[in-house]
Protein chains: 4
Amino acid sequence: MNFASDNVYGVHSQIINALAEVNSGTAPSYANDDYSKKSEEKLSEVFDREVRAFLVTTGTAANGLSLSTITPGYGAILCHTESHIFWDECNSPELFTGGAKIMGLSAPGGKLTPAIIDAKLKTLVRNTHDPKPKGVSITNASELGTVYSPAETQAISDLIRPRGMKLHLDGARFANAVAGLNCSPADLTWKSGVDVMSFGATKNGAMMLEAVVFFDASLAEEFSHRRMRAGQLVSKGRYLGAQMLAYLKDGLWLENARTANGLARELAEGLLRHANIRIPNPMQANEVFAVLPRSLSEKLLASGAKFYGWADDSLAADETLARFVLSFATPAGDVKKFLGLVKELNA
Amino acid sequence: MNFASDNVYGVHSQIINALAEVNSGTAPSYANDDYSKKSEEKLSEVFDREVRAFLVTTGTAANGLSLSTITPGYGAILCHTESHIFWDECNSPELFTGGAKIMGLSAPGGKLTPAIIDAKLKTLVRNTHDPKPKGVSITNASELGTVYSPAETQAISDLIRPRGMKLHLDGARFANAVAGLNCSPADLTWKSGVDVMSFGATKNGAMMLEAVVFFDASLAEEFSHRRMRAGQLVSKGRYLGAQMLAYLKDGLWLENARTANGLARELAEGLLRHANIRIPNPMQANEVFAVLPRSLSEKLLASGAKFYGWADDSLAADETLARFVLSFATPAGDVKKFLGLVKELNA
Amino acid sequence: MNFASDNVYGVHSQIINALAEVNSGTAPSYANDDYSKKSEEKLSEVFDREVRAFLVTTGTAANGLSLSTITPGYGAILCHTESHIFWDECNSPELFTGGAKIMGLSAPGGKLTPAIIDAKLKTLVRNTHDPKPKGVSITNASELGTVYSPAETQAISDLIRPRGMKLHLDGARFANAVAGLNCSPADLTWKSGVDVMSFGATKNGAMMLEAVVFFDASLAEEFSHRRMRAGQLVSKGRYLGAQMLAYLKDGLWLENARTANGLARELAEGLLRHANIRIPNPMQANEVFAVLPRSLSEKLLASGAKFYGWADDSLAADETLARFVLSFATPAGDVKKFLGLVKELNA
Amino acid sequence: MNFASDNVYGVHSQIINALAEVNSGTAPSYANDDYSKKSEEKLSEVFDREVRAFLVTTGTAANGLSLSTITPGYGAILCHTESHIFWDECNSPELFTGGAKIMGLSAPGGKLTPAIIDAKLKTLVRNTHDPKPKGVSITNASELGTVYSPAETQAISDLIRPRGMKLHLDGARFANAVAGLNCSPADLTWKSGVDVMSFGATKNGAMMLEAVVFFDASLAEEFSHRRMRAGQLVSKGRYLGAQMLAYLKDGLWLENARTANGLARELAEGLLRHANIRIPNPMQANEVFAVLPRSLSEKLLASGAKFYGWADDSLAADETLARFVLSFATPAGDVKKFLGLVKELNA
C-alpha cells in the first residue's frame, strides 16, 4: 500500500516496450531523430495547434528552463508557496534563470488567484529596489490535489498579460488535471492564456520524460541552446522521443490519468465515510489530502502503509494532514485494503 | 555504414532488458532505490576502492557538475581546445560553475602535457586580474582518439596538485581508454591523481547514463544538492541504477569497448594499406582520425558512408581529416564494406 | 526637513577634504596604494584584533560579496523579511552567490531570534529538495531602528555555529548600533560570533564606501578575486582608502553616529509627547518609526516634510507607520521645526 | 617618471572641486538627483543625439553590464585577445552575463577586422553545441594604443548587424581615441554602428566613474534593474553625476585626452630617434608600445622609471615590448627627463 508518490511506481508497459522497439539500427543523435521530431507533431495534435516542444529528463529541468525564457536574473516569478519551483527544487529555478527571485504567495487550496497576485504586484513598485515581475507560475493539478479551471487560468492571464508578464504552467500532473476537469488540453493552456508549460510524463507512466511546450513561439526561439547548456540534450534522443510517442499514443496519457484519478476518488469516498476524517479542499486529480486523527495516521504508518504527512499550521494538535498519491499503477486492491485498514484501526 | 558517432547506435540488449526487469512494483524515488545505491558499490568494486558515485543523464551534466565541485565562478579550468567542455557544450560548464573560465590550450594529438599546462599557469600571475586556476580537465580517451597513460595522467597531477588544483577526467569514452591501454580503472584514475571523473556509459551501450565519480571524497560532500539543483535528480531513479548495474555486470562495459576498439583497429589497418591515407596520431581507442585525399572523402560521403570532417589547419588544400567512430554495435560487416568502398573509389 | 533617509545628506567635510589631500602625485592602482592598505590596519585597530578588510563602493555589493563567501548557489541564507538583502537589492545577493535562496523570516521589531531561526531550520530537512542552510544575516542597527545586543547576537551564533552555518552582519548603520549600545565594535561582532560583516560608511558620512570585514580569515582567502569579478575593484583605490581613513580618524565615525542618534532621540521624545503618537519598537539608533494618525502624516507631508510611510498590516486603517531617519548632517533646527509643525497640525 | 598606467595619476582638480561644490544640503538618493539626470542630457549633447546613460564606478562593471544587455548566458561575445573583457577582469563578464562565452581572437595591432570576425563566425555553426554569437566588443582606443577609425568600426557593424549581433565599444580610453582621430564622438559610435558603450572617465581625470551609454534604446529598457542588481547603484548619486558634469564641462575630457596624447607623441618621437628602438603599431592615443633592447629596458627600470613589459612572442630574445601610458597629469618634464635617460643609458 504505497501512496507516497506517483513516482514510486514504474513505467507503463507500452512505454517500456517502445524503448525496445526503437533500439535497432542507427538514429541521428542530439534530438535530430525522427521520434523526437514526431513528438513535437504529436504534441501539436494534442494541443490542437502548432506548438514548439522540447524533451528533457526531469520536471525540475523543465520548470527551470521554462522560467528562464520568461525572466532575466533581475526579474521575479510569482507562484504558490506550495509550488515545486518555490519549495522543492533546491534553487534550481535560480540556477537556470540566473538568479531570479521566486516569490511564494500563500493561498488556500494550493491555488493562486488574481486578487492574491495583484496584492503582491502592488508592493513591487519601488523601482529598481524590487525585482521586475516577469511571470506567474501555476501548477495544474496543484500540489494540493486541486485544479485550476480554464476560467481560473484565464483570469490570472488577464491580470498579468497587460503588465507584460508571462504565464507558466507546471504540468507535472497535467494529465490528471485534464482528466479531472474533462476539458481539452487546449482549453486548459493556450486558450486560457498559458505561454509555456512543463508537460509532465514521468509521474504518469513514463520513465524519465517531460516536455517544455511553448504556445508563445517567440519564447522558444533559442531554446535549443538553453536545453543544451542545461545538460538536458540527451545524445540518444530517440529514447525520449519513443517514450513521448508511446505516452500520447491512443490517449494512453489520459487513460492513465483517469485510472489514477478514479482510484483517488475511491479512496477519498472511502475516507469520508468516517466522521473523524475530512478532506479540506476539492479533490480533483490523483492526490487526496485528508485530515486524520494523528493517532490513526500513526497506526496506519505503523501497519506499513506509505504516505506523507504535510505541514499545516491550521490543524489541531491531535490532527494531521496526510497526502495520498494514486498512480495508474497503484493496485486497485491496495485502495480497498487500505480502506479496510482504516476501518479496523479507526476505533 | 555509419561512423558519425558512437551515439548514433542503440542500447545494448542487456541494458534494455534490465529496464524491463526492474519495472514492477514500487521503489523509493529520487535515487533512494536499491539499484542506485548498488551502483555506487559496484563502481567502488570497479575502481578497487571506495568511491562516491552519482548518476546523471548526460555527459554535459556530468562534466559541468564535476567542475562545479573544483572551481568557483572566479576560477579557471585548463583543458584542451578539442575538449567537450571547451568546445561542444554551449557554455554549460560556465552555467554549472557560476561563470568560471574554461581555458582551451592547443596541444598535439588532443592531449595536454605538463609543459603546456605549466606555460599557461606562468601567465596567470597578475593577481586578481586573472581568474584563479583551480583545475585541469583531461579527456580519456581524448577527442582525437588518443589516450593518456597512467604515467601521463600522473605527470599532470604532479604538476598541479602542489598548486592546490584538482584533476578532472572527462571519461565519456573511458571504457575505450581502459580497454586500449589494458590497464585497470584504478591505474588510470585515482592511482594517477584523478580527483573526480565523468564516467561515461551512454556512448558505450547505455541509454542515457553517466556517473560523476569522486575519488576525493571531500568534493562529494554536498554533491547531492548540486545534482538536484541541476535538474539531474531523476525521480524514478531505479532506471538509471538498473542501466549502470547492467553496464558493469560481468564486465559488459569493457567487452563493449574492446569490440569497438577492435573494429577501429581493423578500420585503421585497412586504411593504412593505402599510400595516400595516413593516421597522424596513435590510434588507441574507438576513433580513427585519418587524413584522406579530399576527393576520396567526398566520394565516400556521396556513396552514403557517414563520418565527419574535422578542422585541421595543418593539412594541404586537397586533404581532409576524417573522423570515424566505432561502436560496440557497429556491424562488423560495415567496416569490411567500407574498406572495400575505399579500395574501389581510391583510384 | 528631510528625514527620508540618511543617504540624502552629503559627505562629511573631513572626508571630502581627505579626497583632495591625497590627490597629488601617483599611487599604485587597484587597491595597492598605501591608503587602502592602511584602512585594513585601522579597521584592525577599531575591532581590536587583526581583520581582513576590503573596500567597495556600495552596501549592496558589500552584502552580496560577503554572502558569496558563506554560501554556494545551492545554499540558503536566513534573514529578516525587512532586511535589505531580502527586500531591497533587486536580486543582487542571488547574483553574487550564484543563485542562493535568501529566505526572509518575519519577526517583531526587525530582529531575528534563535527561536525563529530554529523553527525555520527544522523545516529544511528534506535532504536535497531543500537548499542547504549556510548562514544567517542580521542587520545591526536593524531596518526598523532597533539593535541587536552582543548577547542577542551571540545567541544566534550559538544556534547556528554548531550546524556549520556562518553569521553575517549587515552593518550599513553599524556605527549607529555601536553608539546606541555604547559597546565596543569587537563586542558587537567577532566576540559575539560574527564571521563577516558589511561595514557601512556611506550613510554615516562617506561618499561611496563600505568595507567587507572578515573576522573568519578563512572566508577572506580568495576574496580579492571576488571583488574584482564583481566590478568592485576601483582602479584609483586611494580615494576609497582616504575616505576610510578620514572616517575612522579620531572616532569621526562614532561621533557622527552619536550626533544622528541624539537627533533621533530628540525627535522621538518630542513625538511621544503627543498622546496619539506611539513608537512601537525600542528606538536605539538613528531611525524613528512612529505610528501617527494617517491624517497627521498626510498634513506633514503636504507641508513639505520628507519621510516615508512603511507597510504594516497590524495598524488600524486611520494610522500610518512613518519612518524618520536622522543623519549627522541633519540640521538640528529641522528636528525642532518639525516637532513644532507636528504640534501645530496635530489638532 | 611613472608611465605604468594612466590610473596611477590622480583626479583633475576641476573634478575634485566639483565634489565639494555639490556637497551641501540634501539630494534624492539612488541616481534620482539632478546631477545624475543632467549627466544623461550632457552625454546626449556630446553624442549629438538622445542617448540613455547610466553612471557606474568601474570600467569592469560598465563592460560586464553592457554585455549583459546583448547576450544571454548561452551566447558568445567576440573580442580581441588583448581586450580587458577577455583578459583582465577575472571572469566579470561571465558573472554579469550569466555565463556567456567571451571569445578572444588574435589580431595584429590590437584591432579586430571583419575578416577575422567572419572567420570565427564560420566555425560557430554546429547548432546547439556552439554558443550563439550575440555580439562583438571592440576597445577604442585599443589596448595596444591603436584606434579604430569610424570606417573600421562601421565595417565591423556591417558584418554583424545582419546576423542580429550587437556592437559594444569598450571606451575606457574613448577620449584618447576621439582626440587622436580628431573626429566627433558621434562619428566614432552610433554613426558607425555602435549599439552600447562603456564611456570611460576614470583613467582620463575622474575619480571613479564610467557611464554605460546606449545608442540602441531598446537595450537600455530595464538597465536600471541590472545596475542595481550589480551593486552599482550608489546611494549618494550626486557624487557620480557631479564628476561627469565636471568631466564634460567645456570639453575638459577632450582637453585632458589631447594633453595625454600629445605627451605620448612626444615620447614616441623621442624614442624613435634611436635606431635600436621601434614602435610596431601606429601610435594614435596615449599609449606608446615600443620595442627596446632588453638590456636598455632593464636599465631604465633600475633607474626608477615605471612602465610595464608586455608579452609578445614575435620578438627576439634580446628585445622587449614596453608599454608607456601617458596621462593628462603626467608631468611634461617627466617625458623629457625619461628621454634624456634613454639617451644616457642606450650606449
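Lettering of chains follows the sequences in order, A, B, ..., and the numbering in each one begins at 1. Fair warning: this is a prediction, and the values are worked out from it, not measured in the lab.
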Answer yes or no: is there a side-chain heavy-atom contact under 4.5 Å between [X] and [Y]?
{"X": "D:Lys203", "Y": "C:Lys236", "result": "no"}
{"X": "D:Leu240", "Y": "C:Met208", "result": "yes"}
{"X": "C:Leu95", "Y": "D:Leu95", "result": "yes"}

Which value, rounded to the nearest 0.5 Å, describes the distance between D:Thr26 atom OG1 and C:Met1 atom CE?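 Reported value, rounded in 0.5 Å steps: 11.5 Å.
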
Interatomic distance, C:Thr60 atom OG1 to D:Gln232 atom CD [nearest 0.5 angstrom]: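 Here the rounded value is 10.0 Å.
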
Heavy-atom proximity to chain D below 4.5 Å, by part of C:Ala206: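 C:Ala206 touches chain D through backbone heavy atoms alone.
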
Between D:Ser5, D:Ala230, D:Pro28, who has the most heavy-atom pairs with chain C when the cutoff is under 4.5 Å?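 With the most close heavy-atom pairs to chain C, the winner is D:Ala230.
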
Most chain C-contacting option - heavy-atom pairs closer than 4.5 Å, from D:Gly98, D:Ala27, D:Pro93: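 Of the options given, most contacts go to D:Ala27.
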
Which atom of [X] lies closest to which atom of [Y], heavy atoms considered:
{"X": "D:Ser235", "Y": "C:Thr202", "result": "OG-CG2, 3.5 Å"}
{"X": "C:Leu233", "Y": "D:Thr58", "result": "O-CG2, 4.0 Å"}
{"X": "C:Arg238", "Y": "D:Tyr9", "result": "NH2-C, 3.2 Å"}
{"X": "D:Gly231", "Y": "C:Ser92", "result": "N-OG, 4.1 Å"}
{"X": "C:Cys90", "Y": "D:Met228", "result": "CB-CG, 3.6 Å"}

Heavy-atom cut-off 4.5 Å, strictly under: side chain, backbone, both or neither for [X] against chain C?
{"X": "D:Asn2", "answer": "side chain"}
{"X": "D:Leu65", "answer": "neither"}
{"X": "D:Arg226", "answer": "neither"}
{"X": "D:Leu19", "answer": "both"}
{"X": "D:Ala4", "answer": "neither"}

Top contributor to chain D interface from C:Ser13, C:Pro331, C:Gly10 [non-hydrogen pairs under 4.5 Å]: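 Looking at each of C:Ser13, C:Pro331, C:Gly10 in turn, C:Gly10 comes out on top.
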
Does the D:Asn23 side chain pair with the main chain of C:Val11, one donor and one acceptor, at a distance under 3.5 Å?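 Side chain of D:Asn23 to backbone of C:Val11, a donor-acceptor pair under 3.5 Å: yes, one is there.
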
